[in-house]
Amino acid sequence: MSQTITVQHDGASAELESGATALEALKALEAVRGQIVAATVDGHEWDLDRPVPDGAELAAVYADTEQGRAILRHSTAHLMAQAVTQLFPGAKWAIGPPIEDGFYYDFDVERPFTPEDLEAIEARMAALAREKQTYVRVEVTREAALDEFADQPYKTEVIELVDAGTIVSAVDTAPEEATGDGDGPTFTVYRNVRPDGSVAWSDLCRGPHVVSTERIPAFKLLRSAGAYWRGREDRPMLQRIYGTAWESKKALTAHLELLEEARKRDHRKLGRDLELVHFPEELGPGLSIFLPAGAMVRKLMEDWIRDETLARGYQPVYTPHIAKEDLWHISGHLENYAELMYPGMDLDDSDRGGEGQEHRPGSAYRLKPMNCPFHILAFTSRTRSYRELPIRISELGTVYRYERSGVVNGMLRARGFTQDDSHIFCRDDQVVDEIADCVEFARDLYRVFGLGEPSRVAISTRPEKSLAGNDEAWAAAEQALIDAVARTGLPYETDPGEGAFYGPKIDIHARDAIGREWQLTTVQIDFNLPERFDVSYVGADGAKHRPYMVHRALFGSIERFFAVMLESFNGAFPTWLAPEQVRVVPVAADFLDYAQEVAGALRAHRVRVEVDAGDGTLGNKIRDAQTSKVPYSLVVGGSEADAGTVAIRPYHGEQRKDVELDAFVHELVDEIEQKRPPQPLPGGPT
RNA sequence: GCCGAGGUAGCUCAGCUGGCUAGAGCAGCCGCCUUGUAAGCGGCAGGUCACGGGUUCGAGUCCCGUCCUCGGCUCCA
């Protein structure tokens with residue numbers, strides 16, 4: 001008995017025979033415009049060759065969308081796993097999800113993969129893709145799944161975890177619980193089937209997948225690395241292979257070029273080439289030196305933030321870099337954070353050759369990993385009245401954290417770094433205002449430093465293991481954060497359970513010039529420290545009250561923000577931040593006097609200018625100026641000296657000749673005062 | 001901390017399976033040349049081949065350890 005079903009798309013509907021696939025339905029609905037990899041059925045992702053239910057609302061998932069690429073990448077991960085199991089008999093496969101810009105798959109193998117292995121695997125993948133294997137979805141019972149993957153311990157574990165309901169789907173590709181015919185969850189298995197009907201490979205997987213391996217247009221394996229099973233240090237370390245896959249060769253090439261561009265912009269490389277920063281081995285991992293040029297950029301960042309905090313009612317303080325261990329016991333850092341603190345400096349007299357003196361308890365000191373306790377001591381230096389709140393204590397505080405050896409990364413993750421750190425103590429009725437001001441402050445900062453609007457604002461709520469604050473306090477604080485962000489009009493998302501143990505927080509991210517996102521600003525409410533230090537103010541009622549304590553760092557870390565800017569600008573800072581703003585290049589030694597005159601006119605306006613007095617050729621000097629990424633080179637020779645003009649060669653933009661010196665000075669001073677960003681590159685020098 | 005890949009001049013790199021006194025380009029220094037928009041010419045100097053052991057007649061090269069860097073994992077109060 002032939003039945004018909006009705007399907008819909010965006011107001012249109014079509015009648016089909018029962019058992020029609022998603023692809024047939026989409027075609028009938030004329031809902032296909034381009035390269036598709038899957039469908040959605042009532043919002044759920046659906047294989048194109050899977051029959052659709054009656055009454056379904058369908059839509060196509062296109063290959064050139066993030067959703068489509070994720071499916072493509074997931075299918076590519078399966079292809080890779082198949083290749084690995086062929087080339088490495090006995091390899092156990094764990095999980096292989098799509099991730100941003102690619103995918104990975106984890107394997108338990110005899111030995112780690114080598115770069116040559118990756119080439120071989122990639123070649124095998126290409127061969128398998130040519131076999132035109134289809135991805136066939138099969139629903140099986142728990143028992144059948146356990147039976148099928150009996151020799152795959154990681155798959156077995158996944159099945160049991162799903163069964164126990166303990167699996168968290170964030171990371172892995174655990175199958176969703178399908179509504180089966182009754183008893184127990186149904187698992188889905190995807191089989192790679194060759195055209196002759198034989199099964200090449202199978203994986204426990206939620207899907208969906210592309211219809212066939214020939215629908216994977218472009219992929220590349222990128223690297224291998226160790227990774228703990230289920231991300232837990234106490235579990236075995238598996239070997240992970242990262243790869244990427246795209247809807248076209250062109251898109252893949254563009255992505256690989258972006259990776260290459262990111263590599264060229266690495267702040268460690270630019271920092272060295274432009275002589276901004278130095279990471280000498282003698283200093284130790286995670287520690288850096290700002291060379292004069294980098295120090296100038298940093299000084300300008302610090303000047304700006306100091307001036308702005310002052311203008312916004314913050315009070316600057318200065319605090320030491322070390323403090324007695326007692327302080328860190330009170331703060332709780334030695335209980336909760338000791339692993340990340342440098343060891344104590346024990347001032348036991350015996351170590352110093354002292355005689356006849358007793359060891360004094362509490363003589364050990366610690367380098368500070370955070371500024372908060374010091375700022376609290378500034379607040380509690382006397383009794384505080386409700387009338388003087390909010391009190392905003394501010395400092396560029398350098399902290400030292402003993403980050404684990406594998407995580408240190410240039411200036412992005414350092415062991416010594418400086419925070420533009422402030423702690424705001426305020427009343428309940430002030431907290432929303434204060435937090436909204438922090439967010440607006442961050443917004444202004446990104447704008448001034450050329451990073452545009454925040455790309456993401458994330459509010460993290462109470463984690464499971466919170467150690468301070470009661471239900472009521474957390475709920476109120478979370479609401480305060482939400483209200484504050486809402487007031488700024490910025491879109492935000494919430495990360496449930498991602499808050500710190502001591503309070504909820506807002507993290508603000510920005511996107512750089514090549515599209516990468518960086519977490520910079522953090523604004524956090526702290527319930528813990530005020531209790532530990534018994535921080536209070538006297539209210540209108542004459543009683544003691546506990547203030548809100550808000551911790552905020554807008555740059556986050558000066559070093560990190562510096563590195564992000566360096567990479568985003570590709571070393572070519574906007575003029576107001578450039579260490580050297582102008583290079584005057586005489587065309588020959590005869591015109592050195594005029595070059596100095598030009599430089600003097602600029603210096604009179606505090607422009608940072610250098611004269612190239614070298615005896616190289618003009619071409620050589622121009623090249624030096626360009627590779628140094630100086631915003632403006634001024635070429636001067638006979639005609640300029642006679643007319644009192646300059647020839648301007650900007651780093652970004654068009655050359656201009658015969659410009660009056662005064663006119664240029666005016667323009668430049670204005671650009672610097674306005675902190676105008678650099679011109680976008682029209683395919684110019686990079 | 002764990003897995004992997006690395007460490008040769010200030011920088012970028014060469015140095016094959018162990019075998020002359022470890023090379024090149026750029027940068028630096030010295031000299032020559034000197035008017036127009038991305039590398040003028042010549043010379044000189046520069047290395048404890050990360051560090052420490054070991055194997056060997058002989059180690060930049062092979063083995064072990066340490067330090068450091070890079071890519072991941074974990075962590076990120």
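Being a predicted model, the structure only gives us computed values, none of them experimental. Reminder, nothing fancy here: chain letters follow the sequence lines and each chain counts from 1. In what follows, every heavy atom counts, from backbone to side chain, and hydrogens, waters and symmetry copies are set aside.
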Between the base of [N] and the side chain of [X], is there a donor-acceptor distance below 3.5 Å?
X	N	result
A:D615	B:C33	yes
A:Y228	B:G1	yes
A:R230	B:C73	no

Specify the separation, in whole Å, of atom [atom1] of [X] and atom [atom2] of [N].
X	N	atom1	atom2	answer
A:E403	B:U69	CD	P	13 Å
A:D612	B:U35	CG	P	16 Å
A:Y651	B:U37	OH	C1'	15 Å
A:D658	B:U37	CG	C1'	14 Å
A:N620	B:G36	CG	C1'	14 Å
A:L412	B:C75	CG	P	20 Å
A:F279	B:G10	CZ	C1'	16 Å
A:E233	B:G1	CD	P	12 Å

Strand partner of [N], provided both Watson-Crick or wobble distances fall under 3.5 Å:
N	result
B:G36	none
B:C41	B:G31
B:U17	none
B:C70	B:G4
B:A24	B:U12
B:C62	B:G54

Original post:
Starting at the 5' end of RNA chain B, which residue's closest nucleotide do you reach first, A:Y402 or A:L340?
Top reply: A:Y402
Original post:
If each of A:V408 and A:D526 is mapped to the nucleotide of RNA chain B with the nearest heavy atom, which maps nearer the 5' terminus, i.e. the 5' end?
Top reply: A:V408
All N/O pairs under 3.5 Å across the protein-nucleotides 3-5 of chain B interface:
{"unit_1": "B:C3", "atom_1": "O2'", "unit_2": "A:Q239", "atom_2": "NE2", "d": "3.1"}
{"unit_1": "B:C3", "atom_1": "O2", "unit_2": "A:G226", "atom_2": "N", "d": "3.4"}

Subject >> Cation-pi geometry met for A:R415 and A:Y402 (6.0 Å, 45°) >> reply: yes
Original post:
What's the shortest heavy-atom distance between A:F501 and A:N336, and which atoms?
Top reply: CZ-ND2, 3.8 Å
What contact category does [X] fall into here, base, sugar-phosphate, or nothing, at under 4.0 angstrom with non-hydrogen atoms?
X	value
A:N409	sugar-phosphate
A:G231	sugar-phosphate
A:T627	base
A:A647	base
A:G406	base
A:R401	nothing
A:R272	sugar-phosphate
A:R240	sugar-phosphate
A:E640	base

Using the [atom1] atom on both, measure [N] against [M] and round to a whole Å.
N	M	atom1	answer
B:G36	B:G40	C1'	15 Å
B:U69	B:U34	C1'	45 Å
B:C3	B:C64	P	14 Å
B:C76	B:A59	C1'	43 Å
B:G71	B:C16	C1'	28 Å
B:C49	B:C11	P	16 Å
B:A39	B:C20	C1'	35 Å
B:C2	B:A22	C1'	37 Å

Original post:
Should A:R649 be listed as having a side-chain N or O under 4.0 Å from OP1 or OP2 of B:A38?
Top reply: yes
Original post:
Is the closest basic N to carboxylate O distance between A:D106 and A:R230 below 4.0 Å?
Top reply: no
[atom1]/[X] to [atom2]/[Y] distance, rounded to the nearest 0.5 angstrom?
X	Y	atom1	atom2	value
A:Y342	A:Y400	OH	OH	9.0 Å
A:E580	A:S628	CD	OG	6.5 Å
A:D421	A:L396	CG	CG	9.0 Å

Original post:
Between A:W328 and A:E335, do the side chains contain an N or O donor and an N or O acceptor separated by less than 3.5 Å?
Top reply: no
**OP:** Determine whether the side chains of A:Y242 and A:R240 contain a donor N or O and an acceptor N or O closer than 3.5 Å.
**Re:** yes
Nearest to the side chain of [X] - [options]?
X	options	value
A:R268	B:G40, B:G1, B:C70	B:C70
A:Y242	B:U37, B:C73, B:G36	B:C73
A:R223	B:A38, B:C75, B:G71	B:G71
A:I622	B:A38, B:G36, B:U35	B:A38

Original post:
So does A:E667 have more than 12 non-hydrogen atoms from other groups sitting under 6.0 Å from CD?
Top reply: yes
**OP:** Using a 4.5 Å cut-off on heavy atoms from C-beta on, say whether the side chain of A:N409 contacts that of A:R268.
**Re:** yes
Original post:
Mind checking whether A:P650 and A:I648 have side chains closer than 4.5 Å, heavy atoms only?
Top reply: yes
